[in-house]
Amino acid sequence: MKKSVLLHQIANIVGKENLLEQLEDRCSYGYDASRLKGIPDFVVFPADVHQVAQLVKLANREHLAVYPRGAGSGMVGAAVPGSGGMVICINRLNRILEIDPDNMLAVVQPGVVTGQLQKELLDYGLFYPPDPASLQFSTIGGNVAMCAGGPRAVKYGVTRDYVLGLEAVLPTGRIIRTGTRTVKGVVGYDLTRLLVGSEGTLGIFTRIVLRVVPAPETTRTLLAVFPRLEDAARTVSEIIKQRIIPSTLELMDQASIRAVENHLHMGLPTEAEALLLIEADGREVLVREDMVRINQICRESGASETETAHTESDRERLWQARRALSPALGRIRPGKINEDVTVPRTEIPALIRATRRIAEKYELIIVCFGHAGDGNIHTNIMLDKKNRDELQRAEKAVEELFRTVLALGGTLSGEHGIGIAKSPFFRWEIEDAAFDTMWTIKRALDPLNIMNPGKMFVSDRAFFR
């Protein structure tokens with residue numbers, strides 16, 4: 001079909017004003033937070049599930065690749081178009097359809113911003129726990145597609161633990177509704193869980209039913225300074241062992257501490273090997289008791305000093321260092337490769353020690369921080385991607401890091417997903433039988449392989465470049 005005819009048909013579905021075809025407009029929807037880039041043939045903004053279905057059916061007839069997109073905040077290139085194709089952006093599907101306090105659920109469209117949903121739920125005394133760093137601009141649809149996590153995962157779990165049901169358009173254009181509005185529901189295969197985390201390869205979400213919980217009565221925050229990294233890691237395990245489940249348990253290594261101090265000059269102890277930022281939430285009396293015990297565990301495990309926030313301004317000050325990490329890292333090198341590897345909590349010291357060795361071996365700066373409570377450590381390899389030699393050393397460092405993580409019983413991605421960036425290493429973790437099963441499901445739902453083709457299933461090493 002001629003391009004002009006195809007554009008006319010698309011405009012008939014979504015309206016001409018909701019179709020982008022100029023190069024400068026298309027480029028704006030050709031990248032995500034991974035900084036990987038592609039240029040789609042056009043970008044469309046459907047208004048409802050039926051328009052999405054019509055677009056996908058048209059794509060099937062024309063063998064046109066389809067790339068679902070939320071806010072473009074993903075870290076692994078899962079929304080980046082390959083060669084041409086159509087980006088279907090769900091930003092117009094951005095309404096909170098229902099909040100049901102009695103049954104503790106919310107029904108939303110995929111373009112709802114995660115932070116906005118959390119804010120509105122608080123008016124009902126309710127709480128949606130998943131809190132990715134991008135929550136102020138990432139969408140619920142994108143969070144569900146990538147099974148987003150965040151600092152609160154140690155206590156509350158990740159996105160998949162809160163998705164009760166979905167409405168989605170399959171790669172053939174067929175509309176499917178999965179799951180229930182109830183906590184229990186075991187009729188048939190769990191298609192909801194299959195679609196959550198599928199990274200836009202199995203369908204486009206148009207309605208999402210979420211489980212929510214009562215908002216915690218109070219939150220308390222503690223910062224602990226550790227001269228030795230091993231003591232900080234041991235503290236993480238000891239807190240959990242004592243049957244205390246913090247809502248947040250974040251770790252910053254020495255490189256992180258020094259990066260933030262060089263950026264903000266806030267008096268951080270740069271001689272310390274680690275900081276732990278710990279939060280507990282729930283009923284006031286129980287949280288107060290837990291924080292006393294957490295403080296005691298930190299001291300007994302080797303913390304040289306601790307500080308507890310007693311006011312919201314104190315809490316914000318303690319969080320300042322953690323939140324300043326991203327801009328602080330930008331002062332080290334112009335670029336980075338941000339991996340979100342995850343290991344058992346007890347293996348955190350081994351992981352960070354190995355990361356130090358890798359940094360020395362390849363003459364790189366590698367900064368480690370993240371969600372120590374669930375073993376999810378963000379390893380940031382700092383580099384200038386225009387420096388060919390440095391880039392090649394970074395590629396080798398990533399391979400060695402991934403082999404180390406798998407040897408420690410970990411996983412290559414705790415929350416960012418696979419996308420393009422990790423697809424060359426996908427089969428390092430996924431055994432042949434499991435991979436073949438995934439590929440069979442993909443091809444059964446998407447016979448022409450139009451929906452996000454290649455994501456998770458390719459092995460192109462050019463993604464670093």
Side-chain angles (χ1 to χ4, degrees), residues 1-32 36-74 77-95 108-112 139-142 144-145 166-177 195 198-208 419-420 442-443 445-455:
M1 183 185 298
K2 290 183 178 180
K3 185 176 180 180
S4 59
V5 176
L6 181 60
L7 290 173
H8 179 71
Q9 291 192 10
I10 293 173
N12 283 340
I13 296 172
V14 300
K16 189 174 181 180
E17 69 278 11
N18 297 305
L19 166 63
L20 301 179
E21 54 178 308
Q22 297 300 316
L23 178 60
E24 58 270 26
D25 293 325
R26 291 185 283 129
C27 287
S28 297
Y29 292 86
Y31 63 90
D32 64 7
L36 300 169
K37 298 177 182 179
I39 302 178
D41 290 326
F42 30 81
V43 181
V44 294
F45 301 85
D48 57 42
V49 61
H50 301 293
Q51 289 187 4
V52 174
Q54 290 179 69
L55 289 168
V56 174
K57 288 177 181 178
L58 177 60
N60 270 274
R61 290 197 299 270
E62 299 303 317
H63 290 217
L64 185 68
V66 171
Y67 300 95
R69 180 183 176 90
S73 60
V80 174
S83 178
M86 173 170 58
V87 167
I88 296 182
C89 191
I90 50 82
N91 290 358
R92 293 177 69 199
L93 284 77
N94 59 2
R95 292 186 296 132
V108 303
Q109 292 182 315
V112 171
T139 62
I140 291 289
V144 173
L166 294 167
E167 177 184 77
V169 176
L170 297 179
T172 57
R174 189 173 186 180
I175 299 171
I176 183 174
R177 295 175 182 87
L195 293 173
S198 60
E199 301 191 15
T201 62
L202 299 181
I204 301 175
F205 309 132
T206 53
R207 190 170 66 95
I208 303 165
I420 298 172
K442 164 69 171 169
R443 294 309 298 266
L445 294 179
D446 187 6
L448 299 179
N449 195 28
I450 68 160
M451 189 72 73
N452 242 0
K455 300 300 189 294

Exercise. Go through the steps for R69 and I88 under the test side-chain contact (heavy atoms from CB on, under 4.5 Å), then give the verdict.
Key: CA-CA 6 Å; R69 180 183 176 90; I88 296 182; over 6 Å; no
Quiz item: So do T172 and P447 actually touch side chain to side chain, heavy atoms under 4.5 Å?
Solution: yes
Quiz item: Are the side chain of D25 and the backbone of L20 linked by a donor-acceptor contact shorter than 3.5 Å?
Solution: no
Quiz item: Got N12 and H8 here, is their nearest side-chain heavy-atom distance under 4.5 Å?
Solution: yes
Quiz item: For the residue pair G173 and A53, what are the closest heavy atoms and their distance?
Solution: O-CB, 3.4 Å
Practice problem: Give a yes or no answer on whether the side chain of N452 reaches the backbone of A78 with a donor-acceptor pair at less than 3.5 Å. | Solution: yes
Self-check item: Heavy atoms from other residues, nucleotides or ligands near NZ of K2 exceed 12 (cutoff 6.0 Å)
Solution: no
Quiz item: Any idea which heavy atoms bring I208 and P110 closest together, and the distance?
Solution: CD1-CA, 4.1 Å
Practice problem: Report yes if the side chains of P171 and V66 come closer than 4.5 Å at any heavy-atom pair, otherwise no. | Solution: no
Quiz prompt | Side-chain heavy atoms of C27 within contact of I39, under 4.5 Å | solution = yes
Quiz prompt | Minimum heavy-atom distance K455-V80, with the two atoms named | solution = NZ-O, 2.7 Å
Self-check item: CD1-CZ distance between I450 and R61, expressed to the nearest 0.5 angstrom
Solution: 11.0 Å
Quiz item: With a 4.5 Å heavy-atom cut-off, do L19 and L7 have their side chains touching?
Solution: yes
Practice problem: Check the surroundings of atom CZ in R443: do more than 12 heavy atoms from other residues, nucleotides or ligands lie under 6.0 Å from it? | Solution: yes
Quiz item: Atom CZ of R207 and atom CG of L93: how far apart are they, to the nearest 0.5 Å?
Solution: 12.0 Å
Let me check something: any side-chain donor-acceptor pairs from residues 198-206 under 3.5 Å, sequence neighbours excluded? List them with distances.
from, atom 1, to, atom 2, distance (Å)
S198, OG, L195, O, 2.6
E199, OE1, G419, N, 2.7
E199, OE2, I418, N, 2.7
T201, OG1, S198, O, 2.7
T206, OG1, E167, O, 3.3
T206, OG1, E167, OE1, 2.7

Quiz item: Are any of the side-chain heavy atoms of K442 and N449 separated by less than 4.5 Å?
Solution: yes
Practice problem: Specify the closest pair of heavy atoms between P46 and C89, including all atoms of both residues, with the distance to one decimal. | Solution: CD-O, 3.4 Å
Quiz item: Which pair of heavy atoms, one from G85 and one from L64, lies closest together, and at what distance?
Solution: CA-CD1, 4.0 Å
Quiz item: Got a sec, which residues hit ring pair (Phe, Tyr, Trp, His ring centres under 6.0 Å) with Y31, two or more places apart in sequence or on another chain?
Solution: none
Quiz item: Atom CG of L445 and atom CZ of R174: how far apart are they, to the nearest 0.5 Å?
Solution: 10.5 Å
Quiz item: So, the side chain of R26 versus the backbone of F42: is there a donor-acceptor pair under 3.5 Å, distance only?
Solution: no
Quiz item: For I10 and L55, which heavy atoms make the closest approach, and how far apart are they?
Solution: CG2-CD2, 4.0 Å
Quiz prompt | Minimum side-chain heavy-atom gap H50-I175 below 4.5 Å | solution = yes
Quiz item: From I13 CD1 over to Q54 CD, what is the distance, rounded to the nearest 0.5 angstrom?
Solution: 5.0 Å
Quiz item: Under a 4.5 Å cut-off applied to non-hydrogen side-chain atoms, are Q51 and R92 in contact?
Solution: yes
Quiz item: Got a second to check how far E21's CD is from L6's CG, nearest 0.5 Å?
Solution: 10.5 Å
Practice problem: Taking D41 for its side chain and M86 for its backbone only, find out whether a donor-acceptor pair lies under 3.5 Å. | Solution: no
